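Working notes for the structure below.
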There are 2 protein chains.
Amino acid sequence: MARIKAVGTGSKKDTITKKAAALFRKKGFASTSMRELADNIGVEAASLYNHIGSKNELLQTICFTIANAFTIQLEKVAGTTASNISKLESLIRFHIQMMLRSYDEVFVANHEWKQLQEPFLTNFLSQRKNYENALVGIVQDGIKKNELKKLDPYVVVLTLLSAVRGLEFWQRHKKNLDATKLENDMVNHLIKGLIK
Amino acid sequence: MARIKAVGTGSKKDTITKKAAALFRKKGFASTSMRELADNIGVEAASLYNHIGSKNELLQTICFTIANAFTIQLEKVAGTTASNISKLESLIRFHIQMMLRSYDEVFVANHEWKQLQEPFLTNFLSQRKNYENALVGIVQDGIKKNELKKLDPYVVVLTLLSAVRGLEFWQRHKKNLDATKLENDMVNHLIKGLIK
């Protein structure tokens with residue numbers, strides 16, 4: 001069988017992780033075997049272990065790469081002097097882009113995190129909770145500064161994140177619409193709906 | 001063991017269906033046995049069959065009761081002379097109320113419909129597609145009549161339905177917020193966000 005090919009500028013580990021994300025999304029983490037992953041890449045199962053330690057490690061890599069991408073973006077946006085409404089808009093645009101560009105990985109992080117083992121499970125949940133709390137904080141500050149309607153901040157964050165997550169259905173049905181138009185329309189609806 | 005008690009004004013079949021919905025939501029349809037359902041009600045499994053034909057029949061009853069509730073509400077609202085924005089508001093309020101009041105049943109209809117057998121599966125999907133198309137039609141008419149922002153109608157409907165579905169997380173965490181305030185805040189955000 002062939003050797004594992006590095007894709008673009010990524011490493012062989014990146015190639016394996018990307019294929020794993022696609023399989024975990026389609027079949028679920030529990031139902032995907034390392035043998036199947038190897039078959040899918042076109043190599044012997046044994047050669048996967050030259051690059052990664054285990055199936056669990058692949059799930060950890062996927063979940064934490066996604067969680068970190070959101071945390072880094074949040075820190076970048078939170079550190080600016082932009083208005084709270086601009087911060088929310090920028091974060092929601094990032095969510096939509098991630099959903100469209102890294103769909104397999106985001107889907108796995110959203111659905112298969114339950115299969116993480118400790119201490120990773122607790123760490124993942126705590127990172128997600130911190131992220132949500134930071135979003136709630138931005139909404140609260142926006143209400144305090146009279147930028148946003150006086151709505152329950154938790155309900156606002158739940159509405160925003162759920163709406164974005166709904167793009168899973170979009171991905172599944174591959175509707176014929178430009179990604180930029182999709183992003184602009186969702187932002188227009190969801191972010192403008194918060195302005196007083 | 002005891003006899004099946006009718007709850008409120010409902011029949012014994014209603015009691016069984018309600019318990020089934022709660023179990024199917026918690027454990028999944030496939031993992032719930034009729035024996036477990038009987039144990040949960042506190043009767044012999046055999047006595048369930050005096051009231052219902054099979055586990056499949058229970059799933060059909062749950063899925064179509066929910067689908068019909070939405071279809072009936074849609075027909076009621078669509079037949080009025082209200083503006084399109086009022087129609088959308090009224091339907092979204094109904095979705096939120098259903099999610100809060102009939103959570104088990106709505107959850108099962110949202111997640112376990114895949115387990116329906118033919119011809120019920122096709123029928124359910126077609127009813128759901130018609131419902132979504134009718135919502136898209138209301139949004140299209142609202143845009144045409146200049147009531148609503150010019151957004152992609154399919155994106156609008158996906159955003160609305162996904163946001164409402166996000167109340168699953170709400171239900172799971174039982175946040176301490178009045179149902180009316182929750183409904184009003186979501187409507188203020190999601191429906192006002194559509195007005196030009």
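Below, read A as the first sequence line, B as the second, and so on, with proteins coming before strands; counting in each chain starts at 1. This one's a predicted model, so the numbers in the text were calculated from it and none came from an experiment.
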Using a heavy-atom cutoff of under 4.5 Å, enumerate the residues of residues 134-153 of chain B that contact chain A, numbered in order, or state 'none'.
-> B:Lys149, B:Lys150, B:Leu151, B:Asp152

Is a salt bridge present between A:Lys18 and A:Glu105, judged by a nitrogen-to-oxygen distance below 4.0 Å?
-> yes

Please round to the nearest 0.5 Å and tell me the distance separating atom CG of A:Leu194 and atom CD1 of A:Ile92.
-> 9.0 Å

Going by an N to O cut-off under 4.0 Å, is there a salt bridge joining B:Lys13 and B:Glu57?
-> yes

Strictly under 6.0 Å, is that where the ring centroids of A:His95 and A:Phe70 end up?
-> yes

In terms of heavy-atom proximity below 4.5 Å to chain A, should B:Val156 be classed as side chain, backbone, both, or neither?
-> both

Under 4.5 Å heavy-atom distance to chain B, tell me which part of A:Leu158 shows up: side chain, backbone, both or neither.
-> side chain

Without hydrogens or angle criteria, can the side chains of B:Thr71 and B:Gln127 be said to hold a donor-acceptor pair below 3.5 Å?
-> yes

Enclosure of B:Lys76 NZ (heavy-atom neighbours >12, cutoff 6.0 Å) = no

CG of A:Leu121 to OG of A:Ser126, rounded to nearest 0.5 Å, is 11.0 Å

